[in-house]
Amino acid sequence: MRAYFLPYIEAALQKAGIETGTEIQIEKPTDKKFGDFSTNIAFLLAKEARKNPRELAGQLIGLFAFPEGTVTKTEVAGPGFINFHLDPGFVMRSAGAVLEEGEAFGCNEAGKGQKAIVEYVSANPTGPLTVGRGRGGVLGDCIANLFETQGYAVTREYYFNDAGRQMQILAESVRYRYLEQCGQVIEFPTTHYQGDYIGEIAETLFIEHGDGLASLDDLALFKETAEGIIFSSIRRTLERLSITHDKFFNEHTLYQSREGKPSGNQQVIDALDAKEFIGRYDNATWFMTTKLGQEKDKVLIKSSGDPSYRLPDIAYHVTKFERGFDLMVNVFGADHIDEYPDVQEALKILGYDTSKIRVAINQFVTTTVGGQTVKMSTRKGNADLLDDLIDDVGADATRLFFIMRSKDSHLNFDVELAKKQSKDNPVFYLQYAHARICSLVRMAAKEVGFDEATATGEGLPLLSSEPEIELASSLLDFPDVIASCLRFLEPQKMVEYLHTVAERYHKFYQECPILKADENVRDARLALSLCVRQVLRNGFRILGISAPESM
RNA sequence: ACCCUUGUAGCUCAGAGGAUAGAGCAGCAGUUUCCUAAACUGUUGGUCGGCAGUUCGAGUCUGCCCAAGGGUACCA
């Protein structure tokens with residue numbers, strides 16, 4: 001819709017002799033009486049045109065030259081809005097085209113030839129995924145799906161570290177539990193991982209080795225076993241939510257020198273050093289962020305000689321640039337919010353174009369059960385597990401609930417609502433609309449020999465009642481909604497949109513008889529239903545939820 | 001102490017500086033000889049956390065204050 005009309009608005013501005021870099025905003029008015037779409041350009045351009053908005057708008061409306069049969073009325077309203085009213089026939093014709101476009105409806109090639117990387121989940125293998133992690137995982141997956149609709153070649157990446165101090169603690173934790181299995185009485189340190197899964201890993205080792213490892217000082221076996229078991233559990237959990245990755249990037253590779261070249265970490269140090277942003281004192285190596293106005297420098301290499309997480313993080317992002325990505329999206333939780341600016345500053349100093357990086361930060365999740373709020377905590381062992389949530393409410397509800405609120409708001413996951421089988425539950429409401437259409441199409445095939453394979457949208461202009469036009473009109477918004485989701489890295493808008501489509505379909509279904517209508521009208525209504533089904537499917541695919549054919 | 005996010009109807013939340021602030025749920029009143037009532041229709045409900053400012057115009061931008069969550073490691 002926006003893409004269709006934008007050129008005509010630009011042409012009108014040109015005719016008026018207005019040259020401007022101002023972005024033209026086309027919006028859908030909340031009130032129907034203000035037309036099908038409107039623009040506020042007269043406000044935005046009033047100052048530079050040295051006219052008042054109403055006057056400028058009045059001048060502009062004479063200059064629009066839309067194609068025959070599209071816009072029926074253009075008017076100036078309020079303090080200077082320009083409102084456009086669409087020809088219902090145009091709306092119906094356009095909606096009918098959804099059938100021909102099928103899965104491609106909503107897609108375009110804006111990102112063709114461009115490489116994008118979306119990094120998400122990136123949890124270290126120190127324990128099973130928690131509910132909080134799930135939100136970022138689903139968000140990242142949806143964002144990757146969104147970019148794919150624009151023709152980007154998307155790489156989905158998981159960045160992890162299996163070296164480092166946390167893994168050491170993990171190995172020790174397993175060893176303590178293992179010694180308990182062997183019958184030793186030990187005091188389990190409060191600093192270590194408390195979760196039940198540690199005991200289970202220890203049990204696996206005990207079953208396999210008996211007490212043969214009790215005097216083993218080397219932690220390698222404990223670490224490897226734990227990592228193997230935990231990683232496969234993480235992957236299994238992600239798989240249940242249809243979250244996939246093309247690549248698991250091991251942080252450790254940044255520590256290794258290759259082909260005679262220094263390691264990625266070392267290259268970052270050298271490059272920052274050359275720009276005089278490296279300081280060496282207190283036995284450590286520092287990124288001199290005080291030079292950028294920050295209060296303290298940041299440690300890159302600890303006095304122990306090991307890099308802090310910040311250094312490989314920078315080196316990791318360097319690899320993204322070296323791998324030639326045109327767009328890099330990082331998805332992470334609010335607990336990492338302070339880490340990112342340092343990485344960005346370092347990359348800027350190293351001469352990389354950080355405008356290619358976009359960051360999506362999601363706030364935390366609390367779950368409520370029976371009105372009681374349960375806070376999700378990490379690392380304590382009492383953290384709620386994502387797997388348990390999926391067991392409880394299913395994969396579709398888990399996914400949808402994670403993204404049906406904006407990522408910036410703290411999510412209140414109502415477990416009971418997610419299980420409800422009624423319109424209160426958005427998952428059900430959306431899927432029911434889809435199932436209802438499938439059922440209708442099955443019935444039509446049986447009763448009146450309707451063949452969906454040969455159906456076309458050509459008859460849609462026969463339909464002219466309000467529920468039909470409203471429904472068709474909402475279908476045309478789909479590409480704009482995708483654009484909006486991408487602009488804000490916010491799939492929540494898609495959920496809201498699909499809810500509107502479903503709602504209008506239910507209303508249409510209620511008010512317009514389909515199988516009992518005259519043949520031409522019947523087929524047109526069936527075709528419209530197929531268009532709705534297609535939009536729902538395309539939307540569901542972006543959100544990663546299933547499209548059940550019956551319920 | 002500082003930094004980030006949030007604060008909008010009883011509840012959960014939308015609101016890209018613009019029109020009379022919107023949905024959904026709950027509440028209240030209705031709809032089934034008819035394709036899925038797992039649905040639909042109508043309706044009640046607001047000091048947009050508070051105060052000041054910028055603007056022709058502020059829920060939206062700025063400052064201060066209040067409240068909730070998160071972060072401020074030679075942990076990741």
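Within every chain, numbering begins at 1; the chains are lettered A, B, ... in the order of the sequence lines, protein sequences first and strands thereafter.
- Using a 4.0 Å cut-off between charged side-chain N and carboxylate O, A:Glu511 and A:Lys507 make a salt bridge.
- Aromatic stacking of A:Phe364 on B:rG69: not satisfied for centres closer than 5.5 Å together with planes under 30 degrees.
- A donor-acceptor contact closer than 3.5 angstrom links the side chains of A:Tyr340 and A:Gln344.
- When the C1' atom is compared between B:rG53 and B:rG15, the two are found 24 Å apart, to the nearest whole Å.
- In terms of polar N and O atoms assigned as donor or acceptor, the side chain of A:Arg487 comes within less than 3.5 Å of the base of B:rA16 in a complementary pairing.
- Remark: A:Lys302 is in phosphate contact with B:rA76, judged by side-chain N or O atoms under 4.0 Å from OP1 or OP2.
- For A:Tyr432 against B:rA38, a side-chain-to-base donor-acceptor contact under 3.5 Å is absent.
- For A:Lys298 and B:rA73, the shortest distance from a side-chain N or O to OP1 or OP2 is not below 4.0 Å.
- When heavy atoms are screened at a 4.0 angstrom cut-off, A:Glu251 is found touching the sugar-phosphate backbone but no base atom.
- The local environment of CZ in A:Arg165 is sparse, with at most 12 non-hydrogen atoms from other residues, nucleotides or ligands closer than 6.0 Å.
- Phosphate proximity of B:rC35 to A:Ser439: absent, as no side-chain N or O sits under 4.0 Å from OP1 or OP2.
- Relative orientation of the A:His245 and A:Tyr158 rings is perpendicular, given thresholds of 30° and 60° on the angle between their planes.
- Remark: the separation of the P atoms in B:rG63 and B:rU54 is 15 Å, to the nearest Å.
- Between A:Lys296 and B:rA73, a side-chain N or O to OP1/OP2 separation shorter than 4.0 Å is present.
- Within 4.0 Å of A:Ala435, counting heavy atoms only, lies at least one base atom of the nucleic acid.
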